[in-house]
Amino acid sequence: MALPNNHRVKRAAHDLAESSYQENPSKRGEPGWDEKQRILLADMALHLLQTALKEGELSEEGLKRNLFSILTISNQLIPGYELKNVADKLYSA
């Protein structure tokens, strides 16, 4: 069952994350890249929130897509845990 719809709050948070990401000019290996990836991680977490709170049955494909993105980004931020391998397993099963 979905929680009460706070659509404006979710939309505002999502818009803020996306605009912050787009405004950050950093490229891989440059100063600011980790910050840009943290913003992207926040954006993907908001997509997970939208998937989890969507009316009706939980979309397995949507959940897998959200988790894949979160794990792939997190792999860069906390190396040594092979999170990309875990992410890849979501689509190999």
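Positions are given from 1, in the same order as the sequence printed here. All values reported here derive from a predicted model rather than from experimental measurement.
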If you round to the nearest 0.5 Å, how far is [atom2] of [Y] from [atom1] of [X]?
X	Y	atom1	atom2	answer
S19	I39	OG	CD1	9.0 Å
S59	K64	OG	NZ	10.0 Å
L46	R11	CG	CZ	10.0 Å
S69	D43	OG	CG	9.5 Å

Show which side-chain atoms of residues 71-79 pair as donor or acceptor with protein atoms under 3.5 Å away, not counting sequence neighbours.
unit_1 : atom_1 : unit_2 : atom_2 : d
T72    : OG1    : F68    : O      : 2.7
S74    : OG     : I70    : O      : 2.7
N75    : OD1    : L83    : N      : 3.1
N75    : OD1    : K84    : N      : 3.3
Q76    : OE1    : W33    : NE1    : 3.4
Q76    : NE2    : Q37    : OE1    : 3.4

Checklist entry - When you measure from the side chain of E18 to the backbone N and O of D15, does any donor-acceptor pair fall under 3.5 Å? => result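 Pair absent, no side-chain N/O of E18 close to backbone of D15.
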Next on the checklist: Going by salt bridge (Lys or Arg N to Asp or Glu O under 4.0 Å), name the residues that satisfy it together with D34, two or more places apart in sequence or in a different chain.
Outcome noted: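 Per chain and number, D34 pairs via salt bridge (Lys or Arg N to Asp or Glu O under 4.0 Å) with no residue.
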Checklist entry - Are there more than 12 heavy atoms of other residues, nucleotides or ligands under 6.0 Å from atom CD of E30? => result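 Yes, enclosed.
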Checklist entry - Do L16 and M44 sit in the same hydrophobic cluster, where Ile, Leu, Val, Met, Phe, Trp and Tyr count as joined when their side-chain heavy atoms come under 4.5 Å apart? => result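 No, separate clusters.
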Item to check | Min side-chain heavy-atom separation H14-H47 under 4.5 Å | outcome: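 With C-beta onward as the side chain, the pair touches.
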Checklist entry - Is R38 close to Y21 at the side-chain level, that is, under 4.5 Å between some pair of heavy atoms? => result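 They are not in contact (no side-chain heavy atoms under 4.5 Å apart), so the answer is no.
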Checklist entry - For the residue pair S26 and P31, what are the closest heavy atoms and their distance? => result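 Result for this residue pair: OG-O, 3.1 Å.
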Checklist entry - Where do T51 and L58 come nearest, in terms of heavy atoms and distance? => result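 Reported closest heavy-atom pair: O-CD1, 3.6 Å.
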Checklist entry - Who pairs with A42 by side-chain contact (heavy atoms from CB on, under 4.5 Å), at least two apart in sequence or on another chain? => result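 Expected list: none.
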Next on the checklist: I'd like to know whether Q50 forms a side-chain contact (heavy atoms from CB on, under 4.5 Å) with K54, so could you lay out the CA-CA distance, the side-chain angles of the two residues, the decisive distance to 0.1 Å, and finally the verdict.
Outcome noted: CA-CA 6 Å; Q50 291 170 338; K54 192 172 187 175; over 6 Å; no
